[in-house]
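Structure first, commentary second.
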Amino acid sequence: MPRIRCGRVANRRLGLELLSSPLSSSLCIVNYLIRYRTRRERSRAITHQFAIRLWSCSIQHIPNLLQLTPSLYHPATINTELIMTTPTNSAPIRVRIAPSPTGDPHVGTAYIGLLNFIYARQRGGQFVLRIEDTDRTRFVASSEQMIFDSLRWLGLNWDEGPDVGGAYGPYRQSERTEIYREHVEMLLASGHAYRSYETPEELDAMRKSQLAAKLPPRYNGAHRELTPAQIAAFEAEGRVSVVRLKVPVEGETSFRDELRGTVTFSHNNVDDQVLLKSDGFPTYHLANVVDDHLMRITDVIRAEEWISSTPKHVLLYNAFGWDLPRFWHMPLLRNLDKSKISKRKNPVSVIYYRESGYLPQALLNFLGLMGGGMAQPTAEEIVSKGLNVKDGDIFSLAKMIESFDFKRISLGGPVFDLTKLKWMNGEYLRALSPENFFAALRETIFSDEYLSRIAPLVQTRIETLAQFGDMTDFFFKDDVMPPPEVFLPKKHTLEETLAFAAEQLTVLEATSFTTEELEPALKKLGVEKEWSVKDNFMLLRAILTGKTASPPLLESLIVFGKARSLDRMRRFLDTQKKLANQRK
RNA sequence: GGCGUUAUGGUGUAACUGGUUAACACGCUGCCCUCUCAAGGCAGAGAGUCCGGGUUCGAGCCCCGGUAACGCUACCA
């Protein structure tokens, strides 16, 4: 991708970037994007289009071309950046999402998945699903299937992926280790990477001393230039090595973020990233770049948290001599307090939303609202097209594909606000025909599958079938909230009880929901904290069911599901905490 | 601490190339409808656009300087 910059013009900073390869034909359509670079680098862009003869358009002529539309900007006050794009004759659009199977599928993944999906569908491109399972310490076996199920539930079907195949497989990084090893060898050979032999403990100590000295914690580069003799010595010692990226000592790396413009990092602030871990698996950075290139990814649409590591990726592309993809960094979904969305403060598992009875269309619509992208209808449009005012907020996936505009995305991190999602889900529910509404109930909260798992839990406990409702109401409720007289054991204070409930939550988070694992894990906690099994289980029962009498606890927990159980506990703790604060 | 990104009501977003009184939706309050509750209809409260300067007849939008929040700062992604 040739990039040309031109210098100052008429005392203004003017940048020209030729973003795509010139066409071979002499005449072509040129889009001028005039970008007003404000202090915030938010771009207000206007596109002009006219035909020119390519050969007559040398860089030097750009200022003259600019004069063609002098009314569009005020040269005295505005820094402009001119971006010229020729129609692309380049490869078809290919995008991807690359979730990591480390737990429940995350709404953030769904969000980025939706964006990638729309982007591909809008441009007749391909949407690829790749599983980034290079961290075996956090690997959760059941996670991959849950990711597939959740994305399918949402209707974000992928064109290539581990389960559907494709021309650029395998699509699981754990099955591509040979590829990464070969590429690491290339980097080693070309001097863009080196082996380093420090132990994790040594690195840890180094970091701590740097922090203590108020220095930025960075790899000190001690092994950047090891002699063959030193290497031999380390090897003889039996030390294992990692491979690190050899970031140039001086200079800086810039890249273009499609939403923000040019972002620059000085090499002083780019660490010698580990590319190949001592277990032979690559880190995200290496695997990601290699795969994106090999899979012919043209647009990397990912969350904003990756901006800081993008220079490492750019350095890698350069080291391999590969063309850069376009980078689009999307705003991060937030909790109500504006921190990055997290399970502590929000239900974050897509499974939770499915099992709590949200419709996939509603969740998709709500995610599409995050960050803008869809133009709000103007007052005239509402009148002229007879739109409902809510049409500004309610739109289908098809509608998003039709009119979602990536350049409109607003960069402030949107708060993922359940209240509005609930309203929206209600809108979708009401819009259903009675038949479909009934069908939706039967597919989810009253599915045969769910009911048939609940039924055996109460069969021996009821005398009339009508008692089924009393006994099992908590399975069908959005939330329960036991009062202290229900959840508070005689032998413990409120404070102790809440602290213990928090411990239970931690244990449940780390345990898979089967009787074999749940029971010993909870009992172990009880022993450690000196809580009787009775009190231990009763507390959990109260939180889950809102009552002191219920079907067997562990089985209920399992049937109710991990995602919703954890959410119920978090909400309980949250509410109690608020109440405690009020009392103060 | 360092680096990066961002900044409009409580929340999500609008506001064309600077141009009246900053718009829409959610939420909130009240009223109407109604056996109740929702839904629906109507009305209302809630921001002067993070702060401070500047340019301009005029700034949410342009310029300069701050501040804050968030992200990254791992052999996690």
Side-chain angles (χ1 to χ4, degrees), chain A residues 34 36-42 44 46 69 71-74 76-79 98-102 106 109 132-135 137-138 196 198-200 203-204 207 210-211 213-219 240-244 257 259-260 263-266 268-271 273-285 287-288 302-311 329 331-332 334-340 366 369-379 382 388-394 408-424 426-427 429-430:
Chain A
I34 296 176
Y36 290 67
R37 298 185 62 187
T38 69
R39 195 170 146 268
R40 296 173 269 161
E41 290 262 343
R42 282 278 312 263
R44 306 171 146 273
I46 326 149
T69 52
S71 64
L72 287 174
Y73 51 91
H74 199 287
T77 55
I78 295 166
N79 284 327
S100 214
T102 54
H106 200 276
T109 306
E132 306 222 328
D133 53 351
T134 55
D135 183 0
T137 58
R138 294 204 303 157
S196 108
E198 287 91 350
T199 62
L203 291 172
D204 209 41
R207 235 189 320 276
Q210 285 168 334
L211 243 22
K214 301 240 184 220
L215 288 165
R218 292 224 299 131
Y219 178 63
V240 281
S241 66
V242 298
V243 176
R244 287 179 182 272
D257 179 285
L259 262 17
R260 293 160 245 260
V263 181
T264 304
F265 286 81
S266 161
N268 300 328
N269 300 312
V270 183
D271 206 355
Q273 182 65 47
V274 170
L275 301 174
L276 197 68
K277 302 180 239 180
S278 54
D279 65 1
F281 277 85
T283 56
Y284 169 88
H285 307 278
N288 190 265
R302 58 173 24 163
E304 192 181 354
E305 56 189 326
W306 294 107
I307 289 183
S308 311
S309 28
T310 305
H329 289 102
L332 230 32
R334 309 287 183 93
N335 298 314
L336 214 45
D337 65 3
K338 296 277 184 184
S339 56
K340 171 168 137 182
F366 182 66
L369 220 47
M370 303 281 92
M374 291 293 279
Q376 209 176 73
T378 61
I382 289 170
N388 188 313
V389 279
K390 285 176 188 161
D391 291 356
D393 276 350
I394 303 281
R408 278 190 73 91
I409 287 181
S410 72
L411 268 9
V415 171
F416 189 90
D417 184 1
L418 263 330
T419 311
K420 187 151 184 172
L421 172 58
K422 268 196 186 166
W423 161 79
M424 185 168 275
E427 287 287 307
L429 246 23
R430 273 170 241 125

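Each chain gets a letter, A, B and so on, in the order its sequence line appears, and its residues count up from 1.
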Exercise for the section: Could you tell me the separation between the CG atom of A:Asp271 and the C1' atom of B:U73, rounded to a whole number of Å? Expected result: 8 Å
Practice task
In whole angstrom, give me the gap between the P atoms of B:A77 and B:G9.
Solution key: 37 Å
Problem - Distance, rounded to the nearest Å, where A:Leu429 contributes CG and B:A39 contributes P - result: 13 Å
Completion exercise
The answer to which of A:Ser339 and A:Pro216 contacts RNA chain B further toward the 5' end, by nearest nucleotide, is A:Pro216
Completion exercise
Here RNA chain B, pairs taken as Watson-Crick or G-U under 3.5 Å and shown with ( ), [ ] when crossing and | when to another strand, reads (((((((..((((.....[...)))).(((((.......))))).....(((((..]....))))))))))))....
Exercise for the section: Quote, to the nearest angstrom, the P distance that separates B:G10 from B:U5. Expected result: 27 Å
Practice task
Measure the distance from CG on A:Leu215 to P on B:G2 and round it to the nearest whole Å.
Solution key: 11 Å
Exercise for the section: Take the protein atom CG of A:Asp337 and the nucleotide atom C1' of B:G71, then report the distance between them rounded to whole Å. Expected result: 14 Å
Handout entry: Separation of B:A69 P from A:Leu336 CG (nearest whole Å)
Key = 17 Å
Problem - Short side-chain to backbone donor-acceptor contact, A:Gln210 and A:Arg218, under 3.5 Å - result: yes
Short heteroatom pairs, N/O only, protein and nucleotides 75-77 of chain B, under 3.5 Å:
| from | atom 1 | to | atom 2 | distance (Å) |
| --- | --- | --- | --- | --- |
| B:C75 | O2 | A:Ser278 | N | 2.7 |
| B:C75 | O2 | A:Ser278 | OG | 2.7 |
| B:C75 | N3 | A:Ser278 | OG | 2.9 |
| B:C75 | N4 | A:Glu198 | O | 3.1 |
| B:C76 | OP2 | A:Lys277 | NZ | 3.1 |
| B:C76 | O2' | A:Asp135 | OD2 | 2.8 |
| B:C76 | O2' | A:Arg138 | NE | 3.4 |
| B:C76 | O2' | A:Arg138 | NH2 | 3.2 |
| B:C76 | O2 | A:Arg138 | NH2 | 3.3 |
| B:A77 | OP1 | A:Thr134 | OG1 | 2.9 |
| B:A77 | OP1 | A:Lys277 | NZ | 2.9 |
| B:A77 | OP2 | A:Tyr284 | N | 3.1 |
| B:A77 | O3' | A:Glu132 | OE1 | 3.0 |

Problem - P spacing across the pair B:G2 / B:G66, given as an integer number of angstrom - result: 14 Å
Handout entry: N/O (side chain, A:Arg408) to phosphate O (OP1/OP2, B:A14) under 4.0 Å
Key = yes
Practice task
Please state how far atom CD in A:Gln376 lies from atom P in B:G12, giving the value in whole angstrom units.
Solution key: 14 Å
Handout entry: Glycosidic class, syn or anti, of B:G48 using a 90° window around 0
Key = syn
Problem - Span that lies between the C1' atom of B:U29 and that of B:G46, in whole angstrom - result: 11 Å
Exercise for the section: Measure the acute angle between the ring planes of A:Trp306 and A:Tyr284, then classify it against the limits of 30° and 60° as parallel, tilted or perpendicular. Expected result: parallel
Problem - Integer-rounded Å distance: B:U13 C1' and A:Met370 CE - result: 9 Å
Exercise for the section: Could you measure between the two P atoms, the one in B:U56 and the one in B:C61, and give it in whole Å? Expected result: 16 Å
Exercise for the section: Look at the side-chain N and O atoms of A:Lys338 and state whether any lies under 4.0 Å from the OP1 or OP2 oxygen of B:G12. Expected result: yes
Exercise for the section: For B:A39 and B:G30, measure between their P atoms and round to the nearest Å. Expected result: 14 Å
Handout entry: A:Arg138 with A:Asp135: basic N within carboxylate O range, under 4.0 Å
Key = yes
Completion exercise
Winner on side-chain proximity to A:Val263, out of B:G4, B:U13, B:G27, is B:G4
Problem - Rounded distance (Å) that lies between atom P of B:A7 and atom CG of A:Leu332 - result: 14 Å
Problem - A:Glu304/A:Arg260 ion pair, N-O < 4.0 Å - result: yes
Problem - Distance between P atoms of B:G41 and B:C57 (Å, rounded) - result: 47 Å
